[in-house]
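To start, the structure under review is shown below, and the notes come after it.
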Protein chains: 2
Amino acid sequence: MNVSFNKRDPVYIQVVRQFKERIATGTFEPGQEIPSRRELANQLKINPNTAQRAYKEMEEEGLIYTEGNNPSRITKDEHVLAAVRGELLEEAVDSFMTSIRRIQIPFDELVEVMKEKYQEQSGKEGGEIK
Amino acid sequence: MNVSFNKRDPVYIQVVRQFKERIATGTFEPGQEIPSRRELANQLKINPNTAQRAYKEMEEEGLIYTEGNNPSRITKDEHVLAAVRGELLEEAVDSFMTSIRRIQIPFDELVEVMKEKYQEQSGKEGGEIK
DNA sequence: TAGAATGTATTAAACGATTAATACACTTTT
DNA sequence: AAAAGTGTATTAATCGTTTAATACATTCTA
């Protein structure tokens with residue numbers, strides 16, 4: 001587990017995002033057991049309630065499920081799983097589009113700028129320390 | 001003046017951004033007089049101090065200047081003016097790249113998704129009501 | 001069976017930033 | 001000269017969210 005957080009976004013949101021990324025990239029398998037709230041809290045040095053908050057969030061989105069008081073698991077719902085990556089992507093693109101909409105930049109120029117950045121960033125493993 | 005703000009970002013930041021967009025797209029000319037703090041506050045229905053905060057921000061970035069207690073003006077500094085658009089763009093791209101870095105999406109696919117969105121959004125005039 | 005581990009719920013505290021209130025100095029205008 | 005308009009500075013209040021404290025019910029385990 002990567003224990004780096006930025007201090008701009010709430011911790012619980014960042015935890016959720018990490019899980020989504022791991023689901024999207026296949027690091028998590030369907031039905032896979034995930035750490036208990038308290039264990040995750042220990043690992044990440046966060047408050048157990050913060051972990052709980054993140055899990056609750058994910059549960060409401062159908063990303064994980066919990067039966068009885070057993071450790072929660074990654075959902076097996078193929079639809080949900082398949083959608084995660086697309087949602088992350090779409091979210092990012094939408095937000096991006098919104099922020100450049102008014103600058104009136106031609107699409108080609110946009111692609112050009114991005115191409116440069118894309119190469120620069122290849123191989124980087126982002127995240128700021130708290 | 002567009003009087004729509006989203007409630008996620010601070011008002012003074014959004015004001016700064018609007019000015020930057022207007023500079024970037026040429027709506028504001030070098031040396032052009034801009035509204036006084038109190039007048040802008042009236043127009044946008046915001047607190048005068050919030051307007052002041054926005055102007056202070058812009059003054060520190062060299063976007064505007066103030067001589068004596070005359071109304072502030074858009075800078076005439078060509079370097080600054082030329083940089084505004086690039087900064088807005090780069091900022092957006094950077095933030096975008098950060099958010100998709102870990103999803104491992106091929107550049108071509110990315111361009112594809114964006115192309116669709118780009119067309120969809122053509123002609124839209126964004127901004128949420130407070 | 002006692003203890004430790006689960007998940008869960010309720011309530012309180014802390015925190016930080018933004019926004020607002022107020023006052024001051026100066027200049028222009030009436 | 002008075003009034004209204006500038007920009008500026010200092011300090012206080014507001015605000016919402018996040019984080020934390022605490023307790024409870026259940027289940028597994030030693």
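Computed from a predicted structure; not experimentally measured. Numbers restart at 1 for each chain; the letters A, B, ... are given by sequence-line order, proteins then strands.
Computed from coordinates, the Ile13(A) CD1 to dT19(D) P distance equals 9 Å when rounded to whole Å. Atom-to-atom, CZ of Arg8(A) to P of dT19(D) comes out at 15 Å; the value is rounded to the nearest Å. Atom P of nucleotide dT18(C) and atom CD1 of Ile46(B) are separated by 14 Å, given to the nearest angstrom. Atom pair Arg73(A):CZ and dG7(C):C1' shows a separation of 15 Å (rounding to whole Å applied). Here dT6(D) presents its P atom at 12 Å from CD1 of Ile34(B), a figure rounded to the nearest Å. Taking atom CD1 of Ile64(A) as the reference point, atom P of dT6(C) lies 14 Å away to the nearest angstrom. To the nearest angstrom, C1' of dT18(C) lies 16 Å from NZ of Lys7(B). Put simply, CG on Leu40(A) is 16 Å from P on dA5(C), counting in whole angstrom units.
Rounded to 10 degrees, the angle between the two end axes of the helix from dT1(C)-dA30(D) to dT30(C)-dA1(D) is 10°, with five pairs used at each end.
Applying the ring pair (Phe, Tyr, Trp, His ring centres under 6.0 Å) test to pairs two or more places apart or on separate chains, those with a residue in residues 58-116 of chain A are Phe96(A)-Phe96(B), Phe107(A)-Tyr118(B). Applying the ring pair (Phe, Tyr, Trp, His ring centres under 6.0 Å) test to pairs two or more places apart or on separate chains, those with a residue in residues 30-60 of chain B are Phe19(B)-Tyr55(B).
Every residue meeting the side-chain contact (heavy atoms from CB on, under 4.5 Å) condition with Glu29(B), not counting sequence neighbours, appears here in chain and number order: Gln32(B). Under the rule for a salt bridge (charged side-chain N to carboxylate O under 4.0 Å, His left out), Asp77(B) has no partner lying at least two apart in sequence or in another chain. Partners of Glu109(B) under the side-chain hydrogen bond (donor to acceptor under 3.5 Å, both in side chains) rule, at least two apart in sequence or in another chain, are Arg85(A). Remark: Lys56(A) pairs with no residue by the side-chain hydrogen bond (donor to acceptor under 3.5 Å, both in side chains) rule, at least two apart or across chains. Partners of Asp108(B) according to the side-chain hydrogen bond (donor to acceptor under 3.5 Å, both in side chains) rule, which considers only residues two or more places apart in sequence or in another chain, do not exist here. A search for side-chain hydrogen bond (donor to acceptor under 3.5 Å, both in side chains) contacts involving Thr66(A) returns Glu59(A), Ser72(A), not counting sequence neighbours. Contacts of Arg38(B) classified as salt bridge (charged side-chain N to carboxylate O under 4.0 Å, His left out), with partners at least two apart in sequence or in another chain: none.
Two residues are said to be in side-chain contact when any heavy atoms from C-beta on lie closer than 4.5 Å; Met114(B) and Leu110(A) meet this criterion. Taking the side chain as every heavy atom from C-beta outward, Leu40(A) and Val15(A) approach each other to under 4.5 Å.
Comparing Asp9(A) and Thr66(B), the nucleotide of DNA chain D nearest to each residue sits closer to the 5' end for Thr66(B). Where Pro10(A) and Gly68(A) each meet DNA chain D at their nearest nucleotide, the meeting point lying more 5' is that of Pro10(A).
Taking only side-chain nitrogens and oxygens, Tyr12(B) never comes nearer than 4.0 Å to OP1 or OP2 of dT19(C). Between dT8(C) and Arg37(A), a contact under 4.0 Å exists linking OP1 or OP2 to a side-chain N or O.
Counting non-hydrogen atoms of other residues, nucleotides and ligands closer than 6.0 Å to CD of Glu60(B) gives a total above 12.
Comparing atom distances between the Ser72(A) side chain and each of dT19(D), dT6(D), dG7(C) picks out dG7(C) as nearest.
Near DNA chain C, defined here as any heavy-atom distance below 4.0 Å, the residues from residues 47-55 of chain A are Asn49(A), Gln52(A), listed numerically.
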Please list, pair by pair, any protein nitrogen or oxygen found under 3.5 Å from a nitrogen or oxygen in nucleotides 28-30 of chain C.
none

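No hydrogens or angles were tested; on distance alone, nothing pairs the side chain of Arg38(B) with the base of dG5(D) as donor and acceptor under 3.5 Å.
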